[in-house]
2 protein chains.
Amino acid sequence: MEDVARLAGVSTATVSRTLRGLPNVSDETRDRVLHAAASLSYVVSPIASRLASGRTHTVGVIVPYASRWFFGQIVAGAESVLRAHSLDLLLYNIGDLPSRQRFFDALPLRRRVDAVLTVAMQFTDAETTALLSLGVPIVAVGHDVPGAGCVRIDDVAAAGSAVQHLLALGHRRIGMISTYNDQSMFLPVAHARHRAYVEILSSAGVAVDDDLIMSVPHGMDGGEQAMRRLLTLPDPPTAVFAESDELAFGALSALRRTGRHVSVIGFDDHELSALLDLTTVRQRVFEQGVLAAGMLRRAMSSSAWTPEELLMPTTLVLRASTWPAAVRTPGPG
Amino acid sequence: MEDVARLAGVSTATVSRTLRGLPNVSDETRDRVLHAAASLSYVVSPIASRLASGRTHTVGVIVPYASRWFFGQIVAGAESVLRAHSLDLLLYNIGDLPSRQRFFDALPLRRRVDAVLTVAMQFTDAETTALLSLGVPIVAVGHDVPGAGCVRIDDVAAAGSAVQHLLALGHRRIGMISTYNDQSMFLPVAHARHRAYVEILSSAGVAVDDDLIMSVPHGMDGGEQAMRRLLTLPDPPTAVFAESDELAFGALSALRRTGRHVSVIGFDDHELSALLDLTTVRQRVFEQGVLAAGMLRRAMSSSAWTPEELLMPTTLVLRASTWPAAVRTPGPG
DNA sequence: TTGTACGCGTTATCAT
DNA sequence: ATGATAACGCGTACAA
């Protein structure tokens, strides 16, 4: 920077001002500085800049399963807007217990980020406290953190509409495929969808049979496992609500391998759900990442930011993986 | 850090040494410092540390399509090992022309990373020069960069085995679904697989018909589009080799919608390929990310690192999406 | 083994 | 509008 200043015949202070586009720089000197910088192909050292300014220009993103479709979409959405404002994104993948403990033990985010984005996590009180102790704004997607901004869908209503759909098709024996994580805790999303399942069935006068609720690890394998177990029941379900499309894919796989027929409805509208003809509840995932990042930007720029809450809509997408109960099940008619 | 030093009754230099685990610190002082740091819940400022040491502890990762399955796997694999060594990973998603130009225009990696990982990119000479001008070690996955390390599969041989499989099934009219990017350039991977297609057909005495080669944007939509076009040909193929499983998924979708029957073989062994019964060429993607990150670590730690080259194996995975030509095609028999 | 002191490359405050 | 200079928080020769 000194070289640039010398070449432009000004002080380093003026170079700094110019390069950051601050006011109070005459057009003429601005040109000189810009030319000098260009001819020396000089760029500001982000690290030195961060140390001096005290701002990291970085946001930390915490997800449980980075390589799953849903989280990939969220991260990609957030990345696109953060990058556009030259903010760095530091990804922390803490799905399994060991990495999670390491994370909250060392809390590597300290002195490192200006804001935090967390996606579909279930934090203990201690973990929440640790997060808040970072002293930076937080935005959560798909779950709540006290004092944090929030982007989400109405999980209970959306999951309810899925179960409602199965009821409307005449199904009464309806299974559910749910997930848990390493701590044997339900993720908040799983919790809400499970609640919707219970509520809708109950209010329709259908008894909730715990045997029909399978709790498995997230992913296709989990879904396959769950459906296999459901099929071995003495009185298996005629329809199943899977908490996510990836679980539903696994369920479809089990059905195909066993040659059985059970209606399946998923949740998300995964990129491949149309191909697999999966009835599902659509949510705009990428966009939630975009909106969350926008919220983060606002939080970082205004010192008096108050947590916002954004509720995204969902849509029931009807395809061929669900059908009336009577068609395949012996009924009274 | 001064506070810690004061509390422990030592100098900041000793604190620094202790916290970095350097030798030449007596066990007793080490304990005192560690306790002091713990009781003040002090952590080193990574930014200040980086400025002082001149090392960023960060690697830049350049991918064309961050949210596609393949790249998600690579990045997840690399992240897992980088994180384990507390290295940050800065992701740059430059698939479309505008972001790519912005990237090479500003070259935001300057003074920012200790190493670079690029995945399946096709760089122009100018872009390669720009990258090399960063003066940091580079590792490329799925393509070559002069002077860079490399992790890859034998694309020509692997793609060849796919085409060979179709030939062995008796197919003679074999299509190919290939990709191009925004600059209308073939990605190096696309190039190699296309070459294999031509070579294998030629050496089997089968004429290469350019009408059977569809070039589309990457992704399911592209695959669907390509297959639709192939089906409208006066003499459509009886089998198709898709450059990636995602393209193949699109092709399967088109077949299902049109009720036509064409053998399809993909490439990658995507998580969902088994479910869709897609015959494909398997490669271990996540592991390539892991290995590339390991190579990067070696490159960063030893000043005299010489580019390594790693060749990963592939396997032909036979499923139900390919079948003998005679079964569905009127033949002499 | 430990302490001193300078340097890392900016930003920001206060003058001018 | 511009310049001098003190932070920013640490690493690291060098000295002790």
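In what follows, chains carry the letters A, B, and so on, assigned in the order in which the sequence lines appear, proteins first and then strands, with residues in each chain numbered from 1.
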Q. Are B:Tyr65 and B:Phe70 near enough that their ring centres are under 6.0 Å apart?
A. no
Q. When you check every protein heavy atom under 4.0 Å of nucleotides 1-10 of chain C, what one-letter string (B, S, -) results, 5' to 3'?
A. BBBB--BBBB
Q: Send over the distance from B:Leu22 CG to D:dA13 C1', rounded to a whole Å.
A: 14 Å
Q.
Between P on C:dT11 and CD1 on B:Ile47, what's the gap in Å once rounded to a whole number?
A. 13 Å
Q) Between the side chains of A:Arg297 and A:Ser301, is a donor N or O closer than 3.5 angstrom to an acceptor N or O? A) no
Q. Sub-3.5 Å donor-acceptor pair from the side chain of B:Arg50 to the main-chain atoms of B:Thr56, do we have one?
A. yes
Q. So among A:Arg100, A:Gln122, A:Gln101, which one has a side-chain hydrogen bond (donor to acceptor under 3.5 Å, both in side chains) with A:Glu127?
A. A:Arg100
Q) Is A:Arg6 paired with A:Asp3 through a side-chain N to carboxylate O contact shorter than 4.0 Å? A) yes
Q | Atom-pair distance (CZ on A:Arg112; P on D:dC10), nearest Å | A | 13 Å
